[in-house]
Every structure is written in structure tokens, then in C-alpha cells.
Engineer: 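Provided herewith is a single structure, encoded as C-alpha cells, for subsequent inquiry.
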There are 2 protein chains.
Amino acid sequence: MVNKFNQTVKPTRLIMKEIKDKTEDKILDAAHEVFLRKGMDGARMQEIADEAGINKALLHYYFRSKEKLFEAIFATVLKKAFPNILKFLASDLTLEQKVDLFIESYIDLLQKNPYLPMFILKEINRNPESLADIIRSKVEDPEQLFETIGNELRKNDIFEVDPRHLLVNIIALSVFPFAARPLVQQVMFGNDKKAYQQFLSERKQVVKQFIHRSISKP
Amino acid sequence: MVNKFNQTVKPTRLIMKEIKDKTEDKILDAAHEVFLRKGMDGARMQEIADEAGINKALLHYYFRSKEKLFEAIFATVLKKAFPNILKFLASDLTLEQKVDLFIESYIDLLQKNPYLPMFILKEINRNPESLADIIRSKVEDPEQLFETIGNELRKNDIFEVDPRHLLVNIIALSVFPFAARPLVQQVMFGNDKKAYQQFLSERKQVVKQFIHRSISKP
DNA sequence: GTCTATATGGCGATAGAC
DNA sequence: GTCTATCGCCATATAGAC
């Protein structure tokens, strides 16, 4: 689109929309950053505004309240944090490969989002109802899921394992070193960041091996 | 001590002291209760006062600030949460027995204090410096601890295992189902409290078996 | 030591100019 | 849409009577 001075212009609505999106995105990015580190209770609207390079009033203009802004962040984060397990099960890989793939991609995710575990743990304990959405949208039928995992397990010559305990084990082993970072880093490695990172990078291999040894028959 | 009417009485100072202790203990109990559920950020001095059956002003009379009161609670809780691992190693039990004993007593502790994991995780992430004390007083020399565990492991004909990873694994498997209670209970058991409790009571056995299979050679 | 009343500050939220 | 200024509340903390 070109005006009478031959300058390219865009329809006003589009310009508005782009500006809006830009600001809204800046807010969402900033809120994501702050909420993930501090959680709902610890975060301050002022800090989010600073991080986004705007002021508090604008936050309320785009999202009516802190609670609403938080919910927007929580919903997207929660989706990311619940990998679709059925997707892993559907492929025609061996059980061992499926488990490896799941562990590897999950720890990958956590290394890119180290604050994710505590963010979710804090919120689901603060407000357990916040889980209801995800249950409906993502894990539609848990009963069915564990049934499927159970069937997959029985196809293999391994120890009898409760699917729920197995899943909890895999997630626990993956998540804990991130959630307990200060503990692991300070107490186990004398606050040596490098040593802690090294520990994390060994983790994928360790968890995979650990899980397989725990279910494989001699 | 007897007065002129032959009634037993106590010196005023002692009476004062007892009253003081009673109130102080009531405060500590109440603070323990509230802080463990809500954490430093989520707790309210009013709620602690109500729980103790006194008013807010008294809290500040006994402990100067919320922060100081919290520190008092955190210190005692942290001590409880760090079992003396060397104690378990010192006995002349087999490795398997030592591991079993540790897991069993630790999960026992968590069942009696289900809020303990999240309380500690939240606080060490909010204020990592809070760990410094415990490091000095309890886990004096981590290097030494893992050296000792490593030696113990090498005495047995098992897979080569990094003591740090093994310890993290044991704690992760024990702690996670408590820290992630809403997740496990709602998502895995359709919010069936009984089923979740049943799951927890199976946990000791599961974790023990899991650990042993993962380190035992065929 | 314990209470009521109040000061003080911070934070979420809104009003209103531009 | 964005800003400055301000309201109103709530939580920690203190003053002061008893």
C-alpha cells in the first residue's frame, strides 16, 4: 500500500495491531521471565513492567489483573511441561528406545527451562485447582494412559512394574536436580557452578541407565 | 517452696519463665504449622497469631520480625530434614540393609511431615543463603561424605555408581511424590485421596526395590 | 507479658491527561 | 495505547495503656 507521496504505509488497523502485539508480547515475555523465577507470590508487577520496559498501568490495560496475567503464563508453561506421553508410545521403537527418548527429551526441556520444575510445583501446591484445565485438555484419560503403558510393559520380558510408580520414578529422577538446584550445587559441589552443570549433563545417561537396570530382568 | 498458708508456690522468676516458655512454644508451634503449609511468602502474621491464640503484637515481642521468626522455624526444620547419613553408614549392616534403613526412615519422616519437601524447596530457591548454616553444622565435609559412601559401595560387588547420583536418586524418588502431591493425586488418581495414600504406602517398598535393582549386578 | 490502636510502607489497581 | 499521579488496601511493625 502506497500513499500520495509514494511512501509505503499500512492500514491503520494493522499498525495498531502490530504495535499491540509487540507490547503484549513484551509483557508476556517479561511476565514469563519474572513469574518463572519468583512465582505468583514472589513476583511484583513493578518488576514485570521494568523487565518489559513499560509501566505498571499498561500491564493492567492489557491484562486486567496480576492473577489474570499469571494465569496466561501458567497455562502456556503447563502445556509445555506435560509432554504427550502417548506420542512416545505410538512409535514402533523398542520399549528401551521409547523410555530413552522420553527421558532425553524431557531433561533437554528442563535444561532449557531450569526454573520450570519449581514454578509448577509452587503453583500446584499454592492453588491445586490450577491443574484442572490441563487434566481436561492434555491428559484427558489418565486411566487409559496407564492402561496403555501397562500393556506396553507387559509386551516385554521385564520385571512387573506399576506404570504409575514407573512414571513417577522417571519424572522424579529428571526433575529433582533442577528443583533442588541450590541444595545440590551448594551442598554437594561446594557451590561450584561448573561442577553442578557437569552433574546435570551426566544426568540423562544416569537416569536412562538407572531406569533400565531397575526394570530389566537379569 | 511453701508460703505461710502452707500452699506450695514458686519463685516469681520461675513462674514468669514458665509462662514465657509456654507462650513462646505456642508461637513456635503455630509458626511451624503455618509456615510449613504456606512458606515465608504465603504466610501471614495474623494467621500465626490466630493459630497460637494470641495477637500479632506478641509475635513481635517474642521475635522481632517475621523474618526472624521464620528463620527460627527454618533452622529446626532443616536440621530434621537432613538425616545424618554417616550414622547409617557406621553400623555393621550390609549395604542393602543400610540403604533400606535410610529409605525407610526417610519416607517415614516425610509421611509424618508431608509439607516438609515443598517447604524446604521453596525456601532454598527463594533464599539460597539460608543453606549456609546447615552446610557448616550438619554436612561439615561433603567431599568426605561422598568419599565414605564411595568406599562403602566399592566393598560390594555392584555396578559402579557415582555416590552423588545415587544419593540424589534416593532422595528424588522419596521426596517427589510428596512435593508433587496435587499432581499425583489429581492427575494420576482422579483426586482420589485414598488411592494417593495407598500409592504412598507402597512407595517405601518400590523405592527400595528400585534402588537395589539399579545397582545390583545380575 | 499481653492487649488495642495506630503508624508505616508496599503493592495492586484505577483516574485522567496526552 | 501509554504515561503520571494517586487511591485504597493489606501486612508488617510499633506505641502505649494495662
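FYI, side chains are in, hydrogens and waters are out, and symmetry mates aren't considered; it's all heavy atoms of this structure. Residue numbering restarts at 1 for every chain, and letters A, B, ... go by the order of the sequence lines.
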Engineer: Is any side-chain heavy atom of A:Met188 closer than 4.5 Å to one of B:Val168?
Structural biologist: yes
Engineer: Please state how far atom CG in A:Asp50 lies from atom P in D:dT2, giving the value in whole angstrom units.
Structural biologist: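 Rounded to whole Å, this separation is 16 Å.
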Engineer: Report the distance from atom NZ of B:Lys22 to atom C1' of C:dT2, rounded to the nearest whole Å.
Structural biologist: 16 Å
Engineer: Donor-acceptor pairs under 3.5 Å, side chain of residues 108-120 of chain A to any protein atom, not counting sequence neighbours: which ones?
Structural biologist:
unit_1	atom_1	unit_2	atom_2	d
A:Asp108	OD1	A:Lys204	NZ	2.8
A:Asn113	OD1	A:Lys80	NZ	3.3
A:Asn113	ND2	A:Leu109	O	2.9

Engineer: To the nearest 0.5 angstrom, please state how far the CD atom of A:Glu71 sits from the CE atom of A:Met40.
Structural biologist: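 With rounding to 0.5 Å, CD (A:Glu71) is 8.5 Å from CE (A:Met40).
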Engineer: Identify which nucleotide among D:dG1, D:dT12, C:dG12 has an atom closest to any side-chain atom of A:Met45, counting heavy atoms from C-beta outward.
Structural biologist: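 That would be C:dG12.
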Engineer: With sequence neighbours left out, write down each residue that passes side chain to side chain contact (heavy atoms under 4.5 Å, CB included) with A:Gln198, or none if nothing qualifies.
Structural biologist: A:Ser201, A:Glu202
Engineer: Just by distance, no angles: are the side chains of B:Asp192 and B:Gln185 close enough, under 3.5 Å, to form a donor-acceptor pair?
Structural biologist: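 The answer is no; no qualifying pair exists.
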Engineer: Is the distance between the ring centroids of A:Phe88 and A:Phe102 under 6.0 Å?
Structural biologist: yes
Engineer: Please report the distance, rounded to the nearest Å, between OH in B:Tyr61 and P in D:dC18.
Structural biologist: 18 Å
Engineer: What is the distance from CG of A:Asp41 to P of C:dC11, rounded to the nearest Å?
Structural biologist: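 In whole Å, C:dC11 P lies 13 Å from A:Asp41 CG.
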Engineer: Would you say A:Tyr62 reaches D:dT2's phosphate, i.e. side-chain N/O to OP1/OP2 under 4.0 Å?
Structural biologist: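 For A:Tyr62, the contact criterion (side-chain N or O under 4.0 Å from OP1 or OP2 of D:dT2) is met.
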Engineer: Any side-chain N or O of B:Thr23 less than 4.0 Å from the OP1 or OP2 oxygen of C:dG1?
Structural biologist: no
Engineer: Over how many whole Å does the gap from A:Lys26 atom NZ to D:dG1 atom C1' extend?
Structural biologist: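 It works out to 11 Å between those atoms.
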Engineer: Would you list the protein and nucleotides 3-10 of chain C atom pairs, both N or O, that sit under 3.5 Å from each other?
Structural biologist:
unit_1	atom_1	unit_2	atom_2	d
C:dC3	O5'	B:Asn55	ND2	3.4

Engineer: Can you see if the side chain of A:His60 gets near the phosphate of C:dA13 - specifically, an N or O under 4.0 Å from OP1 or OP2?
Structural biologist: yes
Engineer: What nucleic acid atoms does A:Ala43 come within less than 4.0 Å of, heavy atoms only: base, sugar-phosphate, or nothing?
Structural biologist: sugar-phosphate
Engineer: Would you check if the distance from the ring center of B:Phe199 to the ring center of A:His165 is below 6.0 Å?
Structural biologist: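 Yes, they do, as the ring centres are separated by less than 6.0 Å.
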Engineer: May I ask you to evaluate whether B:Ser65 reaches the phosphate of D:dT12, defined as a side-chain N or O under 4.0 Å from OP1 or OP2?
Structural biologist: no
Engineer: Rounding to an integer number of Å, can you tell me how far A:Glu24 CD sits from D:dG1 C1'?
Structural biologist: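 Rounding to the nearest Å, CD of A:Glu24 and C1' of D:dG1 are 12 Å apart.
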Engineer: B:Phe63 CZ to D:dT14 P: how many Å, rounded?
Structural biologist: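 Rounding to the nearest Å, CZ of B:Phe63 and P of D:dT14 are 15 Å apart.
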Engineer: Between P on C:dG1 and CG on B:Leu59, what's the gap in Å once rounded to a whole number?
Structural biologist: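 Going from B:Leu59 (CG) to C:dG1 (P), I get 15 Å.
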